[in-house]
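Below, read A as the first sequence line, B as the second, and so on, with proteins coming before strands; counting in each chain starts at 1. Computed over heavy atoms, backbone and side chain alike; hydrogens, waters and symmetry mates excluded. The model shown is predicted, which means the values in this text are computed figures rather than measured ones.
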2 protein chains.
Amino acid sequence: MKLATEDFDRISKALADPQRRAILQKLAMTGKLNCSDVGAFFDVSQPTVSHHLKELATAHVVEKEKQGQFCFYHVNNEVLSAYVSELQRRLGLNAVLAAPHAR
Amino acid sequence: MKLATEDFDRISKALADPQRRAILQKLAMTGKLNCSDVGAFFDVSQPTVSHHLKELATAHVVEKEKQGQFCFYHVNNEVLSAYVSELQRRLGLNAVLAAPHAR
DNA sequence: TGATGATATAGATGTTCATCAATATGTTTA
DNA sequence: TAAACATATTGATGAACATCTATATCATCA
């Protein structure tokens, strides 16, 4: 999967905030949570949680799934993997793996 | 190599800014540059370049090497690799590799 | 239908931060 | 030593943003 520059930038920004990283990590560990559940883990207001989840969803690192009045979120592993790959590529960390061994 | 939480957070913040990512990528591509060289690639003032390089150095993703009046910078691959690994760990992206294939 | 509950939005506030101009510090060379 | 150059620091400014309270929207249930 290929990330557009715009997407890469947005994901970088989404991952810049510690609170958002904590929420994302919690989602990665638990698999799926609704908004209230996420909020229960952290000492921030409900609107703040909602805001962070929206940022993560806009960056496509999580996906939103509405079920009645609830709203479940789960991580998008494909996008996250693509992000990490692109990050490695830009930082030259995969040169050894990708290059056909430059003798 | 193991990253302390504080280091991980600082690196995340260092990578959050597009200009800093561009500088880091340029360093990764060229291997080693002094401050002026870096500045020549981008349309920002000298103090801004100096500031960004300092941020990157404080996060240990680049290393500073003073030679006379010049100051060379190069990426620290060990730290960057450790950062990416820790990021993958937190996001649960290495589960497939690490786990003995569920079932 | 009205009450309760879940989530989203609006608006405000304080903080962080990217950037710049000006200046300081340190180094080389004429 | 004086001038020229490389880099760092200081202080200011405007923008981005994390967070909150208050309120709106939407769904469920009695």
Side-chain angles (χ1 to χ4, degrees), chain A residues 5-27 30-76, chain B residues 5-27 30-76:
Chain A
T5 300
E6 183 190 337
D7 296 327
F8 184 83
D9 287 359
R10 194 180 294 275
I11 296 173
S12 294
K13 208 158 65 176
L15 295 182
D17 181 66
Q19 185 68 66
R20 237 157 15 224
R21 284 199 303 275
I23 290 174
L24 190 58
Q25 187 174 356
K26 184 62 78 177
L27 281 174
T30 56
K32 183 183 283 193
L33 291 174
N34 64 36
C35 201
S36 309
D37 290 340
V38 173
F41 286 112
F42 305 102
D43 192 26
V44 286
S45 70
Q46 176 267 321
T48 297
V49 171
S50 183
H51 165 70
H52 284 319
L53 287 171
K54 187 177 186 175
E55 291 280 302
L56 292 170
T58 302
H60 301 110
V61 292
V62 306
E63 270 165 13
K64 186 176 179 172
E65 201 178 319
K66 189 133 200 175
Q67 285 184 15
Q69 69 187 139
F70 298 95
C71 202
F72 289 91
Y73 288 89
H74 63 94
V75 306
N76 185 336
Chain B
T5 300
E6 183 191 337
D7 295 328
F8 184 82
D9 287 358
R10 193 180 296 274
I11 295 173
S12 295
K13 208 158 66 177
L15 296 182
D17 182 65
Q19 185 67 65
R20 233 151 26 218
R21 283 198 304 275
I23 290 174
L24 189 59
Q25 186 173 355
K26 185 60 78 176
L27 282 174
T30 57
K32 183 183 283 192
L33 291 174
N34 65 35
C35 202
S36 309
D37 290 340
V38 173
F41 286 112
F42 305 102
D43 191 26
V44 287
S45 69
Q46 176 267 320
T48 297
V49 171
S50 184
H51 165 70
H52 283 320
L53 287 171
K54 186 177 187 176
E55 290 279 303
L56 293 170
T58 302
H60 302 108
V61 292
V62 306
E63 269 165 13
K64 186 177 179 171
E65 201 177 319
K66 189 135 199 174
Q67 285 184 16
Q69 68 188 140
F70 298 94
C71 202
F72 289 91
Y73 287 89
H74 63 93
V75 306
N76 185 335

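In this structure, Y73(A) has no ring-ring contact (aromatic ring centres under 6.0 Å, His included) partners at least two apart in sequence or on a different chain. N76(A) meets the side chain to side chain contact (heavy atoms under 4.5 Å, CB included) test with E63(A), E78(A), V79(A); sequence neighbours excluded. F72(A) is linked by a ring-ring contact (aromatic ring centres under 6.0 Å, His included) to nothing, counting only residues two or more places apart in sequence or in another chain. In this structure, the salt bridge (Lys or Arg N to Asp or Glu O under 4.0 Å) partners of K32(A), at least two apart in sequence or on a different chain, are E65(A). For F41(A), the side chain to side chain contact (heavy atoms under 4.5 Å, CB included) partners at least two apart in sequence or on another chain are K26(A), L33(A). For D9(B), the salt bridge (Lys or Arg N to Asp or Glu O under 4.0 Å) partners two or more places apart in sequence, or in a different chain, are R21(A).
Protein chain B contacts DNA chain C from dC17(C) to dT28(C), reading 5' to 3' and using non-hydrogen atoms of the protein with a distance under 4.0 Å.
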*Run the numbers on H74(B) and L27(B) for side-chain contact (heavy atoms from CB on, under 4.5 Å), then give the verdict.*
CA-CA 6 Å; H74(B) 63 93; L27(B) 282 174; 5.8 Å; no
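Counting all heavy atoms, side chain and backbone alike, A59(B) lies closest to R10(B) at CA-CD, 3.8 Å.
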*Sugar-phosphate or base contact per nucleotide [nucleotides 24-30 of chain D; S, B, -; heavy atom under 4.0 Å]*: ---BS--
List the atom pairs, with distances to 0.1 Å, where a side-chain N or O of residues 47-56 of chain B and a protein N or O form a donor-acceptor pair under 3.5 Å, not counting sequence neighbours.
unit_1: T48(B); atom_1: OG1; unit_2: S45(B); atom_2: OG; d: 3.0
unit_1: H52(B); atom_1: ND1; unit_2: R20(B); atom_2: NH1; d: 3.3

Just the table, please: protein N/O against nucleotides 9-14 of chain D N/O, every pair under 3.5 Å.
unit_1: dT9(D); atom_1: OP2; unit_2: K54(B); atom_2: NZ; d: 3.1

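Shown here is Q67(B), whose CD atom has more than 12 heavy atoms of other residues, nucleotides or ligands within 6.0 Å.
Of the residues in residues 34-45 of chain A, those lying under 4.0 Å from DNA chain C by heavy-atom distance are N34(A), C35(A), S36(A). Contacts of residues 10-20 of chain B with DNA chain C (heavy atom under 4.0 Å): K13(B), D17(B), Q19(B), R20(B).
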